[in-house]
Amino acid sequence: MKVKIVDLLFFYLFTAAYAGGGVRKPSFTVELKDGTTDLPSFSIEHSHCGGEDDNEDVTVGCEYKFGPSCLSPLPKSVWGRYSRKGKLDTWLFDVRVDAEVDTLLENVDVEVNAVNNPVDLSCTLLATSGKGGSLNSIDVCKGYPLGSGNLYISPSWDYKDSSGSLRVEHITDDGTSMEWLSSAEESRVTYSRSIGNHRISPSITTDGNVSFEVDLETSADSSLSSYVCKDEVEVEWSDREWTATFAIPLQGKTIAGTNVHIKREIQF
């Protein structure tokens, strides 16, 4: 792979920038999907606190992709985030924008979050700005003390599909939860319980479909999670910087194929 001198210089400036205040160490990622290696990428992020009593936080970042012959002169994607705490820490406002550089002037994803911890209320709004901008969805969550835990009611609305859903969940102090999710397509009930450092979550839908999700914490830096339903088996193994994902489609009792995704992240 040929690398131009200007690309090496540009890469060096960014990877050395973490020595300055507020700049996180760049991360370098290599991914393997179904036997094919994706083009490597690296990202860098910078944060700054300001405002009265440091109640404002600004974060900007970008991701670069290595091309077939050199490092791309322009980033593949950019993002920015602005957070602000209200008076008496009652409200926390958070705005994040993400954009692909190739479509920067046409499509920018916007996420707005507002959280009020004293009354246990939060709201998330997703929108797209630029050419053909629109409001995509809105989600509200309100918590109420109930028994030895909390009850959460979360209505949401998808403007693209003109459909809504309702999620009701009760979480006890020991982490056990019971969730009911209802939408126009189906309703699902999920029971989740921790057993030591592990967690098991069976679900059943109104159509009678049953699925199981199991999360195993094998060590402080390693975990194994699996999801099993009638159509697919998914397994994800994480060990420090390594992440491996296996997706196995099922057709009755027959395995239709296996998709493998392996990722390694390197922190400079």
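When a residue number appears, it is its place in the shown sequence, counting from 1.
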_When you group the ILVMFWY residues by side-chain heavy-atom contacts below 4.5 Å and let the links chain together, are Leu121 and Ile171 in the same group?_
no
_Is there a side-chain contact between Tyr227 and Ser211 in this structure, where contact means two heavy atoms from C-beta onward sitting under 4.5 Å apart?_
yes
*According to a 4.5 Å side-chain heavy-atom criterion applied to Ile, Leu, Val, Met, Phe, Trp and Tyr, with indirect links allowed, do Leu125 and Val97 form part of one hydrophobic cluster?*
yes
_Taking Tyr144 as the starting point, is it possible to reach Val119 by hopping between hydrophobic residues whose side chains are less than 4.5 Å apart?_
no
_Any donor-acceptor N/O pair, Asp161 side chain to Ser163 backbone, under 3.5 Å_ = no
*Side chain to side chain, Leu224 and Val214, heavy atoms closer than 4.5 Å*: no
*Is Ile153 linked to Trp180 within one hydrophobic cluster, defined over Ile, Leu, Val, Met, Phe, Trp and Tyr using a side-chain heavy-atom separation of less than 4.5 Å?*
yes
*Can you tell if the side chain of Arg193 reaches within under 4.5 Å of the side chain of Arg199, non-hydrogen atoms only?*
no
*Can you tell me if Lys263 uses its side chain to pair, donor with acceptor, with the backbone of Thr245 under 3.5 Å?*
no
_Spacing of Leu92 atom CG and Arg84 atom CZ [to the nearest 0.5 Å]_ = 11.0 Å
*State which residue, out of Asp94, Asn113, Asp57, fulfils the side-chain hydrogen bond (donor to acceptor under 3.5 Å, both in side chains) condition with Ser83.*
Asp94
*Full working for side chain to side chain contact (heavy atoms under 4.5 Å, CB included) between Met178 and Glu169*: CA-CA 6 Å; Met178 178 69 77; Glu169 183 179 21; over 6 Å; no
*Shared hydrophobic cluster for Val228 and Val235 (ILVMFWY, side-chain gaps under 4.5 Å)*: yes
*Over all heavy atoms of both residues, which pair between Asp239 and Ser222 is shortest? Give the atoms and the distance, please.*
OD1-CB, 3.9 Å
*Matching residue for Tyr82 among Val58, Val60, Thr59 - test: side-chain contact (heavy atoms from CB on, under 4.5 Å)*: Val58
*Heavy-atom pair of closest approach, residues Tyr152 and Gly143*: CD2-CA, 3.6 Å
*Do you know the tightest heavy-atom contact between Asp173 and Gly149?*
OD1-CA, 3.7 Å
_Side-chain donor/acceptor of His170 to backbone N/O of Leu146, under 3.5 Å_ = yes
*Can you tell me how far the OG atom of Ser194 sits from the CD1 atom of Ile200, to the nearest 0.5 Å?*
11.0 Å
*In terms of side-chain heavy atoms, does Thr205 have a donor or acceptor partner in Asp207 at a distance below 3.5 Å?*
no
*Under 3.5 Å, is there a donor-acceptor pair linking the side chains of Ser154 and Asp139?*
no
*Please indicate whether Arg81 has more than 12 foreign heavy atoms, meaning atoms of other residues, nucleotides or ligands, lying under 6.0 Å from its CZ.*
no
_Distance, nearest 0.5 Å, that separates CD of Glu213 from CD of Glu234_ = 9.0 Å
_Leu250 and Asp231: CA distance, side-chain angles, deciding distance, side chain to side chain contact (heavy atoms under 4.5 Å, CB included) verdict_ = CA-CA 5 Å; Leu250 301 176; Asp231 299 322; 5.8 Å; no
*Rounded to the nearest 0.5 Å, what's the gap from CG on Asn209 to CZ on Arg188? Could you check?*
11.0 Å
*Determine whether the side chains of Ser156 and Ser165 contain a donor N or O and an acceptor N or O closer than 3.5 Å.*
yes
*With a 4.5 Å limit on heavy-atom distance, are the side chains of Glu63 and Trp79 in contact?*
yes
*Side-chain heavy atoms of Ile262 within contact of Trp242, under 4.5 Å*: yes
*Spatial distance of atom CH2 (Trp237) from atom OG (Ser225) [nearest 0.5 Å]*: 12.5 Å
*Using distance alone, with no hydrogens and no angle criterion, decide if Glu179 and Ser177 have a side-chain donor and acceptor under 3.5 Å apart.*
no
*Donor-acceptor contact below 3.5 Å, side chain Asn117 vs main chain Asp120*: no
*Inspect the surroundings of CZ in Arg167 and state if more than 12 heavy atoms from other residues, nucleotides or ligands are less than 6.0 Å away.*
yes
*Hey, what's the ring geometry for Phe93 with Trp91, parallel, tilted or perpendicular (30° and 60° as the breaks)?*
parallel
_Nearest-0.5 Å distance that lies between atom NZ in Lys160 and atom CG in Leu126_ = 9.5 Å
*For Glu111 and Thr124, what are the C-alpha separation, side-chain angles and deciding distance, and is it a side chain to side chain contact (heavy atoms under 4.5 Å, CB included)?*
CA-CA 7 Å; Glu111 178 178 344; Thr124 299; 4.2 Å; yes
*Would a 4.5 Å heavy-atom cut-off, applied to side chains only, mark Thr128 and Asn136 as touching?*
yes
*asked:* Testing the basics here: between Val115 and Ser122, what is the closest heavy-atom pair and its distance to 0.1 Å?
replied: CG2-CB, 4.1 Å
